[in-house]
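Below: the structure, in structure tokens.
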Amino acid sequence: MAPEDPVTMSPLPTPSLRTKISRRFIESLVKIRASRDAATGGNIRKRAQRIKIAAYSSMARVTGSRRAWSRALLAKLRSRAKRRRHLQNQRRLGLKRKRAGSRNMVLNEVSRANELRRLVPGGKSMDLCNLLEETSHFIQCLTAQVKVMQSIADQYSV
Amino acid sequence: MSNRRSSSTQSGTPSRITDDQMIELVSKLRQLLPEIRSSRSDKVSASKVLQETCSYIRSLHREVADLSERLSQLLSTVDADSAEAAIIRSLIM
């Protein structure tokens, strides 16, 4: 059911992808900004990392569960957050264990499609047809996210 | 990379991808790439499109990282009032 303008009763234009991403991303930025740490080089870099995570999180959440790439990305962000909290707790208790040995990487001849699979979240388990579909949507969202960040940065620089 | 090869029927695999479907998807992808878009249509190989797609995605990731750094710097230098105004302005744009 499309929302309607209460006065004219004509359907309101659905917010664009950029608008939806802007809202989510700016909400995150406001929260990140609220933590008033001293503006040291280390803090600025840490905050940059949080902003980066917020960027991927915004575009994934706007897309929701409609796409395989967004589902994969959301799962990855959630497990990373959990792992970070787990590591922090372990460090506090002095229990930080060594990571298990990394998987053996078999060096295959990497085709272009496999390269793409690594770049698109969730790409490894898709067939080629789906991979191209997902890539197309992923690029649209990633481009929109970049444009949102650019315009916010330009606004701040004025 | 050959994508003209039609997939042979295997047990349990989804329906075979036709060449036309591949061409359609590859051209759809091409529309999104900044450089290839302007070149002569139908003369670009699928392999080239995939290559350009990979480098485009990588450059987008780099831009996100750079912009995150830039925003982090800006957040600490801008005072509260003009920040809210900037946010509202950017939402309206």
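Here the structure is a predicted model, which means the values were calculated and not measured.
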When A:Met149, A:Gln140, A:Lys52 are compared by non-hydrogen pairs under 4.5 Å with chain B, the top option: A:Met149
Shared hydrophobic cluster for A:Ile53 and A:Leu73 (ILVMFWY, side-chain gaps under 4.5 Å): yes
A:Leu142 versus B:Leu60, closest heavy-atom pair with distance: CD2-CB, 3.7 Å
Within one Ile-Leu-Val-Met-Phe-Trp-Tyr cluster: A:Ile26 and A:Met59, side-chain cutoff 4.5 Å: yes
Residue pair A:Leu116, B:Ile57: steps toward the side-chain contact (heavy atoms from CB on, under 4.5 Å) verdict: CA-CA 9 Å; A:Leu116 190 56; B:Ile57 293 181; 3.8 Å; yes
Top contributor to chain B contacts, counting heavy-atom pairs under 4.5 Å, from A:Arg50, A:Gln150, A:Gln145: A:Gln150
Side-chain donor-acceptor pair present, B:Gln51, A:Glu115, cut-off under 3.5 Å: no
Between CD on residue B:Glu63 and OG1 on residue A:Thr143, distance to nearest 0.5 Å: 9.0 Å
Test log, rule side-chain contact (heavy atoms from CB on, under 4.5 Å), inputs B:Leu71 and A:Phe25: CA-CA 12 Å; B:Leu71 283 174; A:Phe25 184 60; 3.9 Å; yes
SG on B:Cys54 to CG on A:Leu119, rounded to 0.5 Å: 5.0 Å
Lys/Arg-Asp/Glu bridge criterion (N-O < 4.0 Å) met for A:Arg47, B:Glu69: no
More than 12 heavy atoms of other groups within 6.0 Å of A:Arg61 CZ: no
Within 6.0 angstrom of B:Arg58 CZ, more than 12 heavy atoms from elsewhere: yes
Chain B contact via A:Gln49 - which portion, at a heavy-atom distance below 4.5 Å: neither
Nearest-0.5 Å distance, CZ of residue B:Arg30 to OG of residue A:Ser136: 13.5 Å
Inter-residue atom distance A:Ile139.CD1 - B:Leu33.CG, 0.5 Å rounding: 5.5 Å
same_hphob_cluster(A:Ile51, A:Leu74) at 4.5 Å side-chain heavy-atom cutoff: no
Minimum heavy-atom distance between B:Ser68 and A:Ala48, given as atom pair plus value: CB-O, 3.4 Å
Under 4.5 Å from any heavy atom of chain B - which part of A:Val148: neither
Portion of B:Leu67 that has a non-hydrogen atom of chain A nearer than 4.5 angstrom: both
Charged N-O contact under 4.0 Å between A:Glu133 and B:Lys28: yes
A:Arg33 CZ to B:Leu74 CG distance, which is reported to the nearest 0.5 Å: 11.0 Å
Ion pair A:Asp154/B:Arg70, N-O distance below 4.0 Å: yes
Worked check of side-chain contact (heavy atoms from CB on, under 4.5 Å) between A:Ile44 and B:Leu75: CA-CA 9 Å; A:Ile44 290 184; B:Leu75 279 181; over 6 Å; no
